[in-house]
Amino acid sequence: MWSCSTFTTPTIRLPKHSLRNPFLNNPSPIPHKMWKTLSKTSPLPKNLCFGHLGISQTPSPPLKTRFSQLGLRQNGDLLSFAGVLGRSPLKCHRCPIGILSFQTSPRWFSSAVKAPKAERKQKEVKTKTGLRVSKKNVLGPLYPPSGKSVVVVESVTKAGVIQRYLGDMFEVVPSYGHIRDLVGKSGSVCPDNDFSMVWEVKSTSKAHFKTIKGALDGAENLILASDPDREGEAIAWHITRMLQEQGVLKENTTVARVVFHEITESAIKTALQSPRDIDVNLVNAYLARRALDYLIGFSISPVLWRKLPGCPSAGRVQSAALALICNRELEIDQFKPDEYWGLGVTFHRDDKNSNSIPSKLTHFNSEKLEKMSIGSSALAEAIKQKVSLSKFKVINIKSSRPERQPPMPYITSTLQQDSANRLQFSAVYTMVLAQKLYEGVKLSDNETAGLITYIRTDGLHISKEAAEDILCLISERYGKDFASKSPRTFFKKVKNSQEAHEAIRPTNIRRLPSSLVGILDDDSLKLYTLIWSRAMACQMESTITDMKQIDIANAEEDIVFRSTGSRLRFLGYQAVYKDGEVASIISDLNEGNSDVEAYEVLSSLKVKDSVHLGMVDLVQHFTKPPSRYSEGTLVKRLEDLGIGRPSTYASIIKVLQDRNYVAKKNRVLVPEFRGRMVSVFLSAYFSEVVDYSFTADMETELDNVSSGVTEWKGLLKDYWSRVSKKCDFVGPVTVREVEGMLEKTFENIVYSSLPNENRTCPSCSVGTLKFKVSRFGPGYFIGCDQHPKCKYIFGKISSDEKPEKIQPKLLGLCPVSGRKIYLKKGPFGFYVQLGEDKKGHKPERASVSQDINTDDIQLEEAIKLLSSKRMSRRGRSKKKATIKL
């Protein structure tokens, strides 16, 4: 391995000149042998290993592929050769004098290079996750069938479709998602007991699991065909574990895992010919994620409930998303608009009746103008006056032919974004429709098939066969010039991209949207059309535009205006959006516009041609605050930051709305006052949890667990120790301290409706009105700080962030006692009250039914309500007396 030259064990010194790419010839004899072996397909010699530098780097793509072929993984601080090539000399990072060299290590490398899996025979083993996996027989093809096989999928729709493909030798049963989950109470994950977990079978899942057990009677194979992601792997693991715990699985029963990315007959049968074992690394990643979410939720939530009553639990990923929305709202609150002016003019070639040439001012007094350069009306007027007195001519003409590249195929996040922007569908609704299209639809010819590939993906690649089929259809519909010369490939530049699956595309590109009219509902058809058009566009040629840019200046050339015009030269991928297949179902999918008329006028001009000044317009502008997040822009921001996964974007937004932390208004996400309080509380006392990098780094670590690089329980210990310390620190914080912190943060919002700024209590004239948290349920109000001496309440803080006045209404005097009768509103609704609130005396009260309009309640109605309350109380007293006798 690579080690320091000061190390005591013998090493083979690596010559300075031999530090080259391993795929090039190297004159040094010993390294040359090592480099040469890397380029072959046979296993490396058992006396060689890779360097150990105490740091971690990602191998280059060629080496990464080669490592994968050899069964090597990049563990911990293992560093590939790719990370050190070209550095000369290789200085040790641990001591000041050593130089890194290469040494042999037979023991390490012999354990890394293994024989192919098909040639290995092992006995049954029990993994760290408790899964017993039979290794005594290599899994062979499961199709064509040799005996009865039970196939477990996630949904009943998918089960019905696959059953038609496979025939009677297979019994396809649905699990309806997860069979079991962590017990929903504290203690289900025990950090002190090596993070042991307590599972429970959901009541709705008991019947589904019983169906799976019954189907296994006489079956030779159990085929677990849940979704091809981490959650799908976990479902397969749970089912297998439960069957093993209940002794249902026999020794001769083969348990196999198969995955497919589209529900078509060919895809299903191909997957059955390549079964595998359950991927324990993916299961470990699921267990780590589930335990972390549970521990964080059940640790922070009790603290949140005690400090902010009525606020539901704060999830790990949801807290980061809520912080994004609330921080944007804070930016909007603190935003102060700035004034700036724009100057636009129109020029004419010959006279005022000729075609106009719109232009924008770019330079004044030989200085380039930025957006905010003209900051006052006085400066704008001075510029206008100087422009009006000048004569202008063309000083520069620039022609260009820019190309607009076709869009990338859809992944989960971009499908949700485009669906929100173009179809006005929410992220949740988009995923519901996409799930139906993926699981299968009964077509007009009695054929049932999935219409699109797997929908939870961040991979941008398209299979070679599908890409070739798309190119063929493009050539047929639009001509060979519109089809890309070769299948286009795309790579994602987003943090934490896994790219484990294909992009979202139609399973059969020749299934045109028009053929599904009458089969799909309108919204499903629109979504399918969106996916079909994007899959076609991504394999088409670029759109080419002719662009003309002309600079017009005065005689001194210290005032410069710029005009642009364009025309479409080659339609390229935009041809698919003008296709009747798309335009008849979804309008306004065209990307970009051309200004042909302006282009023609500009093309007729030459340098030094004079132009006549027409209209001069001064337009006042003000800077605008940052826009609130829509569902589409929030998903994009989460994706850019590496927060969440394709399967979680929709659920994140739904949870925030269900907990009344965020409301959707006019297609944008607006934080409720409750949500803003929770976000400020978490930022103040659990800053690490709401930090964007905390969640993103955790997602990276979970990916490392999935690939076998990181040990999952070690990851749990690290994160749990940090979160538990925070919880211990926040425990002693009092509600009064939390109220003070929130009052200071939201002072402008909370006290905006008070009648005077000094906040003196109008009831006792001694106390001061303060922001308070209710001790008896969800509620935040403005009340006197002299409680319980003074019980005055000005108003509660409602969801629209404005105090709602609930002052008592005096209805009149009681004709018998002469006491005042009030109409009041409490935590459970309106009520009438006889007399004043006094210490040690509970006044007589009667509830007002929700069916009664409180605006219509007068003194007579209030007296009737109080009398009815007295009669009912007397009736209960007599009944009790009778029982005692």
* Roughly how far, to the nearest 0.5 Å, is CD1 of I263 from OG1 of T448? -> 11.5 Å
* **side-chain contact (heavy atoms from CB on, under 4.5 Å) between W532 and I452, intermediate numbers included** => CA-CA 9 Å; W532 182 87; I452 61 174; over 6 Å; no
* Just wondering, do I509 and M536 contact through their side chains at under 4.5 Å, heavy atoms? -> yes
* What's the spacing between L527 CG and K436 NZ if we round to 0.5 Å? -> 11.5 Å
* To do: Quick one: do L516 and R511 satisfy side-chain contact (heavy atoms from CB on, under 4.5 Å)? Show the steps, please.
  => CA-CA 8 Å; L516 299 173; R511 188 176 286 120; 4.0 Å; yes
* Asked: Hey, are the side chains of N252 and E220 touching, using non-hydrogen atoms and a 4.5 Å cut-off?
  -> no
* Could you tell me whether the side chain of S524 and the main chain of D521 form a donor-acceptor pair under 3.5 Å? => no
* Quick one: CD1 on I519 to OH on Y528, what's the gap to the nearest 0.5 Å? -> 10.5 Å
* Structure fact -> Output for pair (Y176 OH, T211 OG1), nearest 0.5 Å, gives 8.0 Å
* Asked: With a cut-off of 6.0 Å (strictly less than), are more than 12 heavy atoms of other residues, nucleotides or ligands near CG of D194?
  -> yes
* To do: Under the side-chain contact (heavy atoms from CB on, under 4.5 Å) rule, what do L292 and F195 come out as? Steps first, then yes or no, please.
  => CA-CA 10 Å; L292 281 170; F195 294 96; over 6 Å; no
* To do: Check the pair E265, R164 against salt bridge (charged side-chain N to carboxylate O under 4.0 Å, His left out), reporting the backbone distance first and the verdict last.
  => CA-CA 9 Å; E265 187 170 356; R164 294 188 186 94; over 6 Å; no
* To do: State which residue, out of H261, R534, E262, fulfils the side chain to side chain contact (heavy atoms under 4.5 Å, CB included) condition with R505.
  => E262
* Asked: Counting only N and O atoms by type, is there a donor-acceptor contact under 3.5 Å from the side chain of D227 to the main-chain atoms of D229?
  -> no
* Chi angles and distances behind the side-chain contact (heavy atoms from CB on, under 4.5 Å) call for I223, L272 -> CA-CA 9 Å; I223 303 171; L272 289 172; 3.8 Å; yes
* Asked: Backbone N or O of V283 within a donor-acceptor pair of the E233 side chain at under 3.5 Å?
  -> no
* To do: Answer yes or no: does atom NZ of K148 have more than 12 heavy-atom neighbours from other residues, nucleotides or ligands under 6.0 Å?
  => yes
* To do: Specify the closest pair of heavy atoms between Y438 and F260, including all atoms of both residues, with the distance to one decimal.
  => OH-O, 4.0 Å
* Closest heavy-atom contact between A427 and I653? -> CB-CD1, 4.3 Å
* To do: Could you tell me the separation between the OG atom of S463 and the CD atom of E502, rounded to the nearest 0.5 Å?
  => 4.0 Å
* Report yes if some heavy atom in the side chain of Q539 is under 4.5 Å from a heavy atom in the side chain of I462; otherwise report no. => yes
* To do: Look only at the side chain of T648 and the backbone of G644, and say whether a donor-acceptor pair between them is shorter than 3.5 Å.
  => no
* Structure fact -> Between P513 and L525 the two heavy atoms that sit nearest each other are O-CD1, 3.4 Å
* To do: Using a strict cut-off of less than 4.0 Å between a Lys/Arg side-chain nitrogen and an Asp/Glu carboxylate oxygen, indicate whether D181 and K202 qualify as a salt bridge.
  => no
* Can you name the closest pair of heavy atoms from T264 and Y165 and give their distance? -> C-CE1, 3.6 Å
* Rounded to the nearest 0.5 Å, how far does CG of L437 lie from CD1 of I455? -> 8.5 Å
* Check the pair E639 / S413 against side chain to side chain donor-acceptor pair (under 3.5 Å), numbers first and verdict last. => CA-CA 7 Å; E639 181 187 32; S413 59; 2.6 Å; yes
* Student check: side-chain heavy atoms of T240 and Q244 closer than 4.5 Å -> yes
* Between S205 and H208, is there a donor-acceptor pair closer than 3.5 Å when you use the side chain of the first and the backbone of the second? -> no
* Structure fact -> In short, A256 meets L139 closest at the heavy-atom pair CB-CD1, 4.3 Å
* Is there a side-chain contact between E711 and N284, using heavy atoms and a 4.5 Å cut-off? -> no
* Sub-3.5 Å donor-acceptor pair from the side chain of R180 to the main-chain atoms of M242, do we have one? -> no
* Can you check whether C472's main-chain N or O pairs, donor with acceptor, with E468's side chain at less than 3.5 Å? -> no
* Ionic contact status for E231 with R456, cut-off 4.0 Å -> no
* To do: Decide yes or no on side chain to side chain donor-acceptor pair (under 3.5 Å) for E439 and S155, but give the supporting numbers first.
  => CA-CA 8 Å; E439 289 184 346; S155 74; 2.9 Å; yes
* Does T710 use its side chain to pair, donor to acceptor, with the backbone of W712 at less than 3.5 Å? -> no
* **Exercise: identify the closest heavy-atom pair between P145 and M169** => CG-CB, 3.7 Å
* State, yes or no, whether a side-chain contact exists between T412 and M431 at a heavy-atom distance under 4.5 Å. => yes
* When you measure from the side chain of T414 to the backbone N and O of I411, does any donor-acceptor pair fall under 3.5 Å? -> yes
* Between T695 (side chain) and I643 (backbone), is there a donor-acceptor pair under 3.5 Å? -> no
* Do we get R230 above Y286's six-membered ring, with its NZ or CZ under 6.0 Å from the centre and within 45° of the axis? -> no
* After noting the C-alpha distance and the side-chain angles of R257 and D279, does the key distance pass the salt bridge (charged side-chain N to carboxylate O under 4.0 Å, His left out) rule? -> CA-CA 9 Å; R257 174 85 168 104; D279 190 328; over 6 Å; no
* 4.5 Å side-chain heavy-atom contact, V189 and L182 -> yes
* Asked: Taking side chain as C-beta onward, heavy atoms only, is L471 less than 4.5 Å from P487?
  -> yes
